[in-house]
Q: 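Would you mind keeping the following structure in view while I ask a few things?
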Amino acid sequence: LIACLADSDPHARDDFAFSALAKAMRSEGFPAALVKRAHSQLMAILNDDSADPHGVRRPFAIIALAEVARYDRIHILLTPSERRALAETATAYLHSVTDYRGYVEGAGWR
């Protein structure tokens, strides 16, 4: 699902990948190991400065990471240093945003 967050198809990205990921992390009994893996993958995406031709990979990684933070708030999954790194990475990302478009016809949410 995380790989699909960078998909140029808004249905694959918005309707399928992000929705399924958020729903899964909000369901009872979702394995902590999968959330931990998602955390690692999403942090890597946010710390990667390589080209994002569709302009959606990092924005969707940050909102998916918000779901990880929500999970951690309820289930205490991350270590204090991981939590601090998450907050620092999210803050740095927000400071780096220069594209303030929301919904773009044809491209979906950005």
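Hydrogens, waters and symmetry mates are skipped; everything else that's a heavy atom, side chains included, is used.
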Q: Are V68 and I76 linked, directly or through other ILVMFWY residues, by side chains that come within less than 4.5 angstrom of each other?
A: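 No, because V68 and I76 fall into different hydrophobic clusters, even though each may have its own neighbours under 4.5 Å.
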
Q: Mind checking whether I62 and V97 sit in one hydrophobic cluster, side chains of I, L, V, M, F, W, Y counted as touching below 4.5 Å?
A: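 Cluster IDs for I62 and V97 match.
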
Q: I need the minimum non-hydrogen distance between R13 and D7, along with the two atoms involved.
A: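 Heavy atoms of R13 and D7 come nearest at NH1-O, 2.7 Å.
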
Q: Before you tell me yes or no, could you show the steps for T89 and N47 under side chain to side chain contact (heavy atoms under 4.5 Å, CB included), namely the whole-Å CA-CA distance, both residues' side-chain angles and the distance that decides it to 0.1 Å?
A: CA-CA 7 Å; T89 298; N47 289 313; 3.9 Å; yes

Q: Which heavy atom of C4 sits nearest a heavy atom of A12, and at what distance?
A: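 Heavy atoms of C4 and A12 come nearest at CB-O, 4.4 Å.
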
Q: Any side-chain heavy atom of W109 sitting closer than 4.5 Å to one from F60?
A: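 Side-chain contact under 4.5 Å: yes.
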
Q: Is a side-chain N or O of S27 found less than 3.5 angstrom from the main chain of A24, in a donor-acceptor match?
A: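 The answer is yes, because a donor-acceptor pair under 3.5 Å joins these two groups.
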
Q: I want to check something: taking the side chain as every heavy atom from C-beta on, are R84 and S81 in contact at a cut-off of under 4.5 Å?
A: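 In short, these two side chains touch, coming nearer than 4.5 Å.
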
Q: I need the minimum non-hydrogen distance between M25 and Y71, along with the two atoms involved.
A: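 Shortest heavy-atom separation between M25 and Y71 comes out as O-CD1, 3.5 Å.
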
Q: With clusters defined by side-chain heavy atoms of hydrophobic residues (ILVMFWY) lying less than 4.5 Å apart, directly or transitively, does L77 cluster with I63?
A: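 Same cluster.
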
Q: Restricting to pairs with a member in residues 55-83, which pass salt bridge (charged side-chain N to carboxylate O under 4.0 Å, His left out), not counting sequence neighbours?
A: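 The answer is R26-E67, K36-E82, D48-R57, D72-R83.
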
Q: Using atom types as modelled and distance alone, determine if a side-chain donor or acceptor of S19 lies under 3.5 Å from a backbone N or O of D14.
A: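 Yes; at least one donor-acceptor contact below 3.5 Å.
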
Q: What pair of heavy atoms forms the shortest contact from L46 to Y93, and how long is it?
A: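 Minimum heavy-atom separation between L46 and Y93: CD2-CD1, 4.1 Å.
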
Q: At what distance, to the nearest 0.5 angstrom, does OG of S40 lie from CG of L42?
A: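 S40 atom OG to L42 atom CG measures 9.0 Å (nearest 0.5 Å).
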
Q: Examine F30 and L65 and state if one hydrophobic cluster contains both, with Ile, Leu, Val, Met, Phe, Trp and Tyr joined whenever side-chain heavy atoms are less than 4.5 Å apart.
A: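 Looking at the clustering, L65 is in the same group as F30.
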
Q: Going only through I, L, V, M, F, W and Y residues with side-chain contacts under 4.5 Å, is there a path from Y103 to Y100?
A: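 They do share one cluster, since a chain of ILVMFWY contacts under 4.5 Å joins Y103 to Y100.
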
Q: Tell me which pairs pass salt bridge (charged side-chain N to carboxylate O under 4.0 Å, His left out) where either residue lies in residues 85-99, with sequence neighbours left out.
A: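 Those involving residues 85-99 are D99-R101, D99-R110.
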
Q: Specify the closest pair of heavy atoms between L21 and L1, including all atoms of both residues, with the distance to one decimal.
A: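 Nearest heavy atoms, L21 then L1: N-CD1, 3.9 Å.
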
Q: Can you see which heavy atom on G55 is nearest to which on P59, and at what distance?
A: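 Residues G55 and P59, closest heavy atoms: O-CG, 3.5 Å.
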
